[in-house]
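Written out below as structure tokens is the structure these notes cover.
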Amino acid sequence: MGKLVIVGTVAFDEIESPFGKTDKILGGAATFIGLAAAQFEVDAAIVSIVGDDLPQAYLDMLKGKGIALEGIEIVPDGKTFYWKGKYHNDLNSRDTLVTELNTLADFNPVVPENYKDAEVVMLGNLHPGVQMSVIQQMEPRPKLIVLDTMNFWMDNALPDLLETIKHIDVITINDEEARQLTGEYSLVKAAARIQEMGPKYVVIKKGEHGALLFHGAHVFFAPALPLEDVFDPTGAGDTFAGGFTGYLASTGNLSFENMKRAVIYGSNLASFCVERFGTERMEDLKKEAVQQRLHQFKALTQFDIELE
């Protein structure tokens, strides 16, 4: 069983979409990544920071999924990171209404000793300096380091981001972010530019339009499954990352061919995440449903054609 270290937020989210709204519920990048990775035979640990206002029931749920929590620092009398947002009618755009860093403002991640030899590290969306501090703690260097980032860090910490991505193997960003990072409109050219910066593999997420995987001159595209109901896309990208890294850690196969499968597994799990608010769908997701939907993905993309 491969080891996976997940670094990111365990947080409170408050969400409003055209389909309803919530009070404070469990969210955070590390939470969604962990729940997706738990679908595989993998020894996963979350490294994060929370306040003691986070209900114990949330931590018990994560532990019940087999996720190690000794890397989560609980700050006495501290407040957990909180985000509130409102989605527009198309669900592709949203307004951030409130962001409270709280304990996250002083996050100094400490990887548990028994996970410093993890084969795969998933660096969730955080300050690139924090991400780099995790890379430096790993002994020996992981076989695969995956990093997620966003336009906020490109605007506010670009030198740190460029330094950190020199040390990673895979970057996962969306199409808008890929264009901003490189100044290239063509995603093919953007991926090539990003590979020159350090990562050997580039995953460009396109939301409801699927995901692209680039490696050298090789390109793979995975569609997003057309869904009847989409309630909340908040954790979809992180769920994708958790499926992607969880599958790779469980198989131990880091070839480009296996990464194609990992992209499909990630897309498949992300399609469940958006069907409910917050973590609700991922908490009760059964393997039988995952396998059934994988067959739908296969049918969506498989065809026979005679070529000369």
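Remember, it's a predicted structure, so these values are computed and weren't measured experimentally.
Partners of Tyr201 according to the ring pair (Phe, Tyr, Trp, His ring centres under 6.0 Å) rule, which considers only residues two or more places apart in sequence or in another chain, are His215. Every side-chain contact (heavy atoms from CB on, under 4.5 Å) that Leu227 has, sequence neighbours left out, goes to Leu225, Val230, Ser271, Val274, Glu275, Arg293. Checked against side-chain contact (heavy atoms from CB on, under 4.5 Å), Asp284 has the following partners two or more places apart in sequence or in another chain: Arg281, Lys286. Residues satisfying the ring pair (Phe, Tyr, Trp, His ring centres under 6.0 Å) criterion with Tyr265, sequence neighbours excluded, are Phe40, Tyr247. In terms of the ring pair (Phe, Tyr, Trp, His ring centres under 6.0 Å) criterion, residue partners of His218 (sequence neighbours excluded) are, by chain and number, Phe256. Listed by chain and number, the residues in a salt bridge (Lys or Arg N to Asp or Glu O under 4.0 Å) with Glu139 amount to none (sequence neighbours excluded).
Pairs engaging residues 160-177 under the salt bridge (Lys or Arg N to Asp or Glu O under 4.0 Å) rule: Arg141-Asp169, Glu163-Lys166, Asp169-Lys200, Asp175-Lys206 [sequence neighbours left out]. Within the structure, the salt bridge (Lys or Arg N to Asp or Glu O under 4.0 Å) test picks out no pair touching residues 18-41 (sequence neighbours left out). Contacts classified as salt bridge (Lys or Arg N to Asp or Glu O under 4.0 Å) and involving residues 242-271 (residues at least two apart or in different chains) are given here: Glu257-Lys260. Identified under the salt bridge (Lys or Arg N to Asp or Glu O under 4.0 Å) test for residues 51-63, with sequence neighbours left out: none.
Here Met150 is tied into one hydrophobic group with Phe152, Trp153, each link being a pair of ILVMFWY side chains closer than 4.5 Å.
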Mind listing the side-chain donor-acceptor pairs of residues 97-112 below 3.5 Å, one per line with the distance, residues two or more places apart or on another chain?
{"unit_1": "Asn102", "atom_1": "ND2", "unit_2": "Thr80", "atom_2": "O", "d": "2.9"}
{"unit_1": "Thr103", "atom_1": "OG1", "unit_2": "Lys79", "atom_2": "O", "d": "3.2"}

